[in-house]
Number of protein chains: 2
Amino acid sequence: MSVQERKQRERAERERLIVTTARELAEQQGWDAVTTRRLAERIEYSQPVLYSHFRGKREIIGAVALEGAAEMATAVRAATSAADGPRARVAALARAYLDFAARNPAVYDALFQLDGGLAYAQEDTPEPLKDAFAALLECLAEVAGDGVHPGLFTETFWASLHGLATLTRAGRLPPEDAAQRVELLVDRLAVV
Amino acid sequence: MSVQERKQRERAERERLIVTTARELAEQQGWDAVTTRRLAERIEYSQPVLYSHFRGKREIIGAVALEGAAEMATAVRAATSAADGPRARVAALARAYLDFAARNPAVYDALFQLDGGLAYAQEDTPEPLKDAFAALLECLAEVAGDGVHPGLFTETFWASLHGLATLTRAGRLPPEDAAQRVELLVDRLAVV
DNA sequence: ATTCGATCCTAGCACCGCTAGACAATCAAG
DNA sequence: CTTGATTGTCTAGCGGTGCTAGGATCGAAT
């Protein structure tokens, strides 16, 4: 029994190694640089080993996305719980979200830009994704305003943040006025 | 002289053919399916011909993006000019924008998701891109609100629309309530 | 000690973006 | 009309990609 357990443990460790290595490589050099060959070389195994853990590159991206979703949820909750009052909480949420996107561009891409083969906004959506959305909802529900469905409001607010995050990072928006745009968004969208 | 002119004309026609074919192929089967081989086959020339018109695939994407920017500007202006009152104009703009993104997903990707080698939000930004932004600005400036820079407001509003467009199309947002989200966005962001 | 199954790697497939160099068509000069 | 240079296009190939078939190796159980 113990032998099998050890093997299982080692296998799980190697899977973790694959995911964290893929994430590192993606953050360092972009997802384009995350090829199965380079990834295999970094973990010091041959390519086919990757395919004994994941169906393909997509699933590896998906694994990084799930890891990122959990972290993002934590970051958002930490920021909102440290703020006083609805207005300050929403502002803290927005900053935390954009900060996460800016600090972990590759993870953010895996989550919302690339195809990681994950289901979104459905019953079979993985728990970390649901929870990340819940983290937003918890804070944003209180500023949705009368007669506005909290879920719908959260989706809309989230989409606005997502737009800011992606357009800024892709060089479509000048980065200088980022803070002002966030402030404008919070001021107008949140009902306090 | 006439011979050279004819050649120049034919060459320009072929360049148009490349761009429209790339666009067609991308809309039909996605940008992943737009390979230089397939594109060359469709225009009935060999691969190297593509490289006598464009530096590489990136520039072809960029050409599609510029074409799309011009069309989007036209669509937005048509929609806004047909509406009465600031509130209705902004709503029409939002609908026209999202409609364009939904109807021309590949073009939208070329514009705002993919790397077409174009400069954004700078002095050397190509004219069609500047003009597309100007089309948004013309309408949105009148609802920016007191003390809010029109450019900054336009950027923020645009980012929100962009977030809705991308998240909806990527399956990150349920498509049913799209109209309600747009309405919410217009109601809250636009000062009428 | 020997089987046998799990584990891993080598080698290779079809495809990608891109380019060098051969070849044919066209034009200007003698 | 015949050259020679120039232009245009194609074939073939490079190094890379994601992914997989099949053989080698190694450890556990008999």
Side-chain angles (χ1 to χ4, degrees), chain A residues 1-19 21-23 25-26 28-65 106 109-110 114-118, chain B residues 1-19 21-23 25-26 28-65 106 109-110 114-118:
Chain A
M1 275 302 155
S2 173
V3 173
Q4 284 193 359
E5 282 175 13
R6 193 204 69 221
K7 287 200 174 186
Q8 266 194 332
R9 200 173 55 240
E10 285 174 352
R11 204 181 140 75
E13 276 173 24
R14 195 173 62 182
E15 192 159 313
R16 293 289 322 144
L17 178 63
I18 292 173
V19 175
T21 305
R23 177 175 175 169
L25 194 49
Q28 286 168 8
Q29 311 183 37
W31 277 106
D32 280 351
V34 184
T35 69
T36 54
R37 275 172 241 275
R38 254 193 288 261
L39 187 50
E41 196 192 4
R42 283 230 184 172
I43 65 169
E44 294 178 314
Y45 281 94
S46 69
Q47 274 178 287
V49 166
L50 300 174
Y51 292 86
S52 75
H53 289 272
F54 301 96
R55 282 177 186 277
K57 195 181 169 180
R58 260 171 50 139
E59 276 198 3
I60 297 177
I61 295 174
V64 172
D109 280 347
L114 302 175
D115 180 11
L118 302 175
Chain B
M1 275 305 153
S2 173
V3 174
Q4 284 193 2
E5 282 175 13
R6 193 204 68 220
K7 288 200 173 183
Q8 266 194 333
R9 201 174 54 240
E10 284 173 354
R11 207 183 138 74
E13 276 173 25
R14 194 173 62 182
E15 191 160 313
R16 292 290 321 143
L17 177 64
I18 292 174
V19 175
T21 305
R23 177 176 174 170
L25 193 49
Q28 285 168 8
Q29 311 183 38
W31 277 106
D32 280 351
V34 184
T35 69
T36 54
R37 276 172 239 276
R38 253 192 287 260
L39 187 50
E41 197 191 3
R42 283 230 182 173
I43 65 169
E44 294 178 314
Y45 281 94
S46 68
Q47 273 178 288
V49 165
L50 300 175
Y51 293 86
S52 76
H53 288 272
F54 301 96
R55 283 177 186 276
K57 195 182 169 179
R58 261 171 48 140
E59 276 199 3
I60 297 177
I61 295 174
V64 172
D109 281 347
L114 303 175
D115 180 11
L118 302 175

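Chain letters run A, B, ... following the sequence lines, proteins first and then strands; every chain starts at 1. Worth knowing before you read on, the calculation uses all heavy atoms, side chains too, and leaves out hydrogens, waters and symmetry mates.
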Visitor: Report the distance from atom OH of A:Y51 to atom C1' of C:dA6, rounded to the nearest whole Å.
Guide: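 Roughly 21 Å, once rounded to whole Å.
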Visitor: Respond yes when some side-chain nitrogen or oxygen of B:R14 is under 4.0 Å from OP1 or OP2 of D:dT9, and no when none is.
Guide: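 Yes, B:R14 has a side-chain N/O under 4.0 Å of OP1/OP2 on D:dT9.
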Visitor: Any side-chain N or O of B:T35 below 4.0 angstrom from OP1/OP2 of C:dC16?
Guide: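 Yes, within the criterion.
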Visitor: C:dT7 P sits how many Å from A:R11 CZ, rounded?
Guide: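 In whole Å, C:dT7 P and A:R11 CZ are 7 Å from each other.
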Visitor: NZ of A:K57 versus C1' of D:dC19: gap in Å, rounded?
Guide: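 To the nearest whole Å, that distance equals 12 Å.
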Visitor: Rounded to the nearest Å, what distance is computed from the NE2 atom of residue A:H53 to the C1' atom of nucleotide D:dC19?
Guide: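 Rounding to the nearest Å, NE2 of A:H53 and C1' of D:dC19 are 16 Å apart.
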Visitor: Suppose we call a contact any N or O donor and acceptor under 3.5 Å apart; does that hold for the side chain of A:R37 and the base of D:dG18?
Guide: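 Answer yes: a donor N or O sits under 3.5 Å from an acceptor.
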Visitor: Going by modelled atom types, is there a donor-acceptor pair between the base of C:dC18 and the side chain of B:Q47 at under 3.5 Å?
Guide: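 Looking at the base of C:dC18, it does pair with a donor or acceptor on the side chain of B:Q47 (distance under 3.5 Å).
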Visitor: Ignoring the backbone of B:S46, work out which of D:dG18, D:dT11, C:dC9 is nearest its side chain.
Guide: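 Selected nucleotide (nearest to the side chain): D:dT11.
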Visitor: Counting only side-chain N and O atoms of B:R38, is one of them less than 4.0 Å from OP1 or OP2 of C:dC16?
Guide: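 B:R38 to C:dC16 OP1/OP2: side-chain N or O found under 4.0 Å.
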Visitor: Could you check whether atom CZ of B:R11 has more than 12 heavy atoms from other residues, nucleotides or ligands sitting under 6.0 Å from it?
Guide: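 Result for CZ/B:R11: enclosed.
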Visitor: Under 4.0 Å between a side-chain N/O of A:T36 and OP1 or OP2 of D:dC19, yes or no?
Guide: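 No, because none of the side-chain N or O atoms of A:T36 sits under 4.0 Å from OP1 or OP2 of D:dC19.
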Visitor: Return the value, rounded to whole Å, for the distance between atom CZ of B:F54 and atom P of C:dC18.
Guide: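 B:F54 atom CZ is separated from C:dC18 atom P by 13 Å.
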